[in-house]
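Report on one structure; see the data block that follows.
Note that the structure is predicted; figures quoted are calculated from it, not measured.
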Amino acid sequence: MKEKIKQVILGASKVVILRHQWPDFDALGSQYGLAKIIEAQSTTKQQVFIGGCKPVNLKDFGWSNHNLTRADFEDALLIVVDTADSKRIDMGEVDFKPADIFKLAKQVIKIDHHPQLKDDGYPVDTLRLVDTSVSSCSELLAELFDVNGRDFDQEILKYLYTGIIGDTGRLSYGFSSQTLAVLAELLANQELQPFADINHSFGVTSLEEARMKGYYYDNLVVKDDTAWLIIDQKTLSKHAWPANQMAIFVNILGTIRGVAKWVLCIQYEDSSWRLRVRSQNIDISSLAREYGGGGHPFASGVNLPASTQISQLEEFIGKLITIKK
């Protein structure tokens, strides 16, 4: 299946690459890395389009996209990376749903490292490359295309490297010996300083972001081995902090000694809530699924409607506290 998917990707005349909403470094690193791989390896002249809203919190990495139209999807190969559930596909500025673009596309390919859902909403004839053993979608793509520092442009290497480092918290969790082998191949024959700069960039913030982090430390709550923080729109509006930007610091909650699992409950502009649930080595995904969410064993998410009460968030947190290894 891997070889077939690779051939289909490199042989398509028009390709559209999408990823999930509220993208992280892996979603973007795999999306842009794949686009550049196609441009570099394709034997035919291909049109490659990248869709999705540009996230404010990752602007320093130079991400950009295309303003897609319905015509861009017609008879195209649609590739969706790092997105287990089709409902989470970031459609960018287009005014139609994933089901609409599936009908327009000639073929759909799903490349992902999240657990496969029973009903992921993708077409029946979707070509799937799903591998939960890898650290990230970026690692999966590096393996699929045998990406290495000897034969590939550094731009590609940096996209995939950023995705892997981002999804493993700079190799703090969720990686394997194979991850290290892939990274070694990416860095082969390369000057290492540009990659050290990427590592460093993950720990550097603006003054305003430093104030956001300060809010985390001032307001987080800890009980037993569980930490949590609830941030509503009133708080965000007071400080003029965008929810998406504030949410990227979720793993600060896991930096407290003795904390093994944590959850950030943050309210968005439409009053809905998103719960980002994390752990060091405890499976918290079943609790996320209980509330209609899902994800990795150690990193999951839940979306709750605007009608959600604080007491319901506290109920979720109470259940998280009871989960033991």
Side-chain angles (χ1 to χ4, degrees), residues 19-27 53 55 57 80 82-90 98 112-121 132 136-137 166-167 169 173-174 216 219-236 242-254 259-325:
R19 37 75 180 163
H20 61 74
Q21 300 165 331
W22 304 303
D24 52 18
F25 288 106
D26 183 37
C53 297
N57 56 298
V80 184
D82 200 38
T83 311
D85 189 342
S86 66
K87 293 192 294 293
R88 292 196 62 216
I89 295 175
D90 189 341
D112 192 24
H113 69 121
H114 297 92
Q116 177 68 42
L117 304 175
K118 289 184 179 179
D119 181 14
D120 59 10
T132 59
S136 54
C137 199
D167 243 25
Y173 48 78
Y216 269 78
N219 294 278
L220 66 85
V221 184
V222 178
K223 181 177 180 180
D224 298 334
D225 66 348
T226 305
W228 67 90
L229 180 61
I230 299 174
I231 308 176
D232 60 17
Q233 267 297 303
K234 182 178 179 180
T235 298
L236 293 172
N244 278 342
Q245 190 169 5
M246 189 66 167
I248 67 175
F249 304 116
V250 57
N251 286 327
I252 283 178
L253 300 175
V259 168
K261 52 189 187 294
W262 57 97
V263 57
L264 171 67
C265 307
I266 192 162
Q267 190 177 36
Y268 280 77
E269 288 78 4
D270 63 357
S271 295
S272 67
W273 291 84
R274 178 160 175 77
L275 280 55
R276 289 168 169 81
V277 198
R278 304 289 187 266
S279 81
Q280 188 63 32
N281 56 9
I282 299 172
D283 190 340
I284 42 77
S285 59
S286 60
L287 177 60
R289 288 194 296 273
E290 181 183 334
Y291 282 77
H296 299 291
F298 308 144
S300 291
V302 176
N303 293 323
L304 296 176
S307 58
T308 300
Q309 302 297 311
I310 296 297
S311 59
Q312 293 172 282
L313 302 179
E314 293 172 339
E315 176 188 82
F316 181 96
I317 292 167
K319 290 183 179 181
L320 181 63
I321 293 172
T322 65
I323 297 177
K324 303 301 177 182
K325 187 173 181 181

Qualifying residues under side chain to side chain donor-acceptor pair (under 3.5 Å), relative to D167, sequence neighbours excluded:
H113

Ring pair (Phe, Tyr, Trp, His ring centres under 6.0 Å) with Y268: which residues, sequence neighbours excluded?
W22

Name the atoms and distances for all side-chain donor-acceptor pairs under 3.5 Å in residues 223-231, with sequence neighbours left out.
from	atom 1	to	atom 2	distance (Å)
D225	OD1	K261	NZ	2.5
D225	OD2	K261	NZ	3.0
T226	OG1	K261	NZ	3.2

Please answer whether the main-chain N or O of M246 pairs with a side-chain N or O of Y216 as donor and acceptor at a distance below 3.5 Å.
yes

Who passes side chain to side chain contact (heavy atoms under 4.5 Å, CB included) against A84, sequence neighbours left out?
D112, H114, L117

Salt bridge (Lys or Arg N to Asp or Glu O under 4.0 Å) filter on R278, not counting sequence neighbours, yields none

State the CG-CD distance between L275 and Q267, to the nearest 0.5 angstrom.
11.5 Å

Residue pair L304 / Q312, side-chain heavy-atom distance below 4.5 Å:
no

Minimum heavy-atom distance between S86 and P98, given as atom pair plus value:
O-CG, 3.4 Å

Quick check on K324: does its NZ atom have over 12 non-hydrogen neighbours (other residues, nucleotides or ligands) under 6.0 Å away?
yes

Going by side chain to side chain donor-acceptor pair (under 3.5 Å), name the residues that satisfy it together with D232, two or more places apart in sequence or in a different chain.
T235

Residues in side chain to side chain contact (heavy atoms under 4.5 Å, CB included) with D119, at least two apart?
none

To the nearest 0.5 Å, what is the distance between CG (L287) and OG (S279)?
11.5 Å

d(I284 CD1, W262 CH2) to nearest 0.5 Å is 9.0 Å

Under the salt bridge (Lys or Arg N to Asp or Glu O under 4.0 Å) rule, collect the residues that match up with D120, sequence neighbours excluded.
K110, R128

Should I317 and V263 count as side-chain neighbours, where that means a heavy-atom distance under 4.5 Å?
yes

Enter the distance from C265:SG to R274:CZ here, rounded to the nearest 0.5 Å.
11.5 Å

Looking at CH2 of W273 and OG1 of T308, how far apart are the two atoms once the value is rounded to the nearest 0.5 Å?
8.5 Å

Contacts of N281 meeting side chain to side chain contact (heavy atoms under 4.5 Å, CB included) (sequence neighbours excluded), chain-then-number -> K325

Can you list everything that forms a side chain to side chain donor-acceptor pair (under 3.5 Å) with E315? Sequence neighbours excluded, please.
Y291

For A288 against G294, the heavy-atom pair lying closest together:
CB-N, 3.9 Å

Quick check: closest heavy atoms across A243 and E269, and the distance to 0.1 Å?
N-OE2, 4.1 Å

Run through D26, D90, D82, D24 and flag the one making a salt bridge (Lys or Arg N to Asp or Glu O under 4.0 Å) with R19.
D90

Sequence neighbours left out, what pairs pass salt bridge (charged side-chain N to carboxylate O under 4.0 Å, His left out) with at least one residue falling in residues 282-294?
E290-K319

Measuring from L236:CG to Q245:CD, what's the distance to the nearest 0.5 Å?
10.5 Å

Once side chain to side chain donor-acceptor pair (under 3.5 Å) is applied, do any residues pair with T132, and if so which ones, sequence neighbours excluded?
none

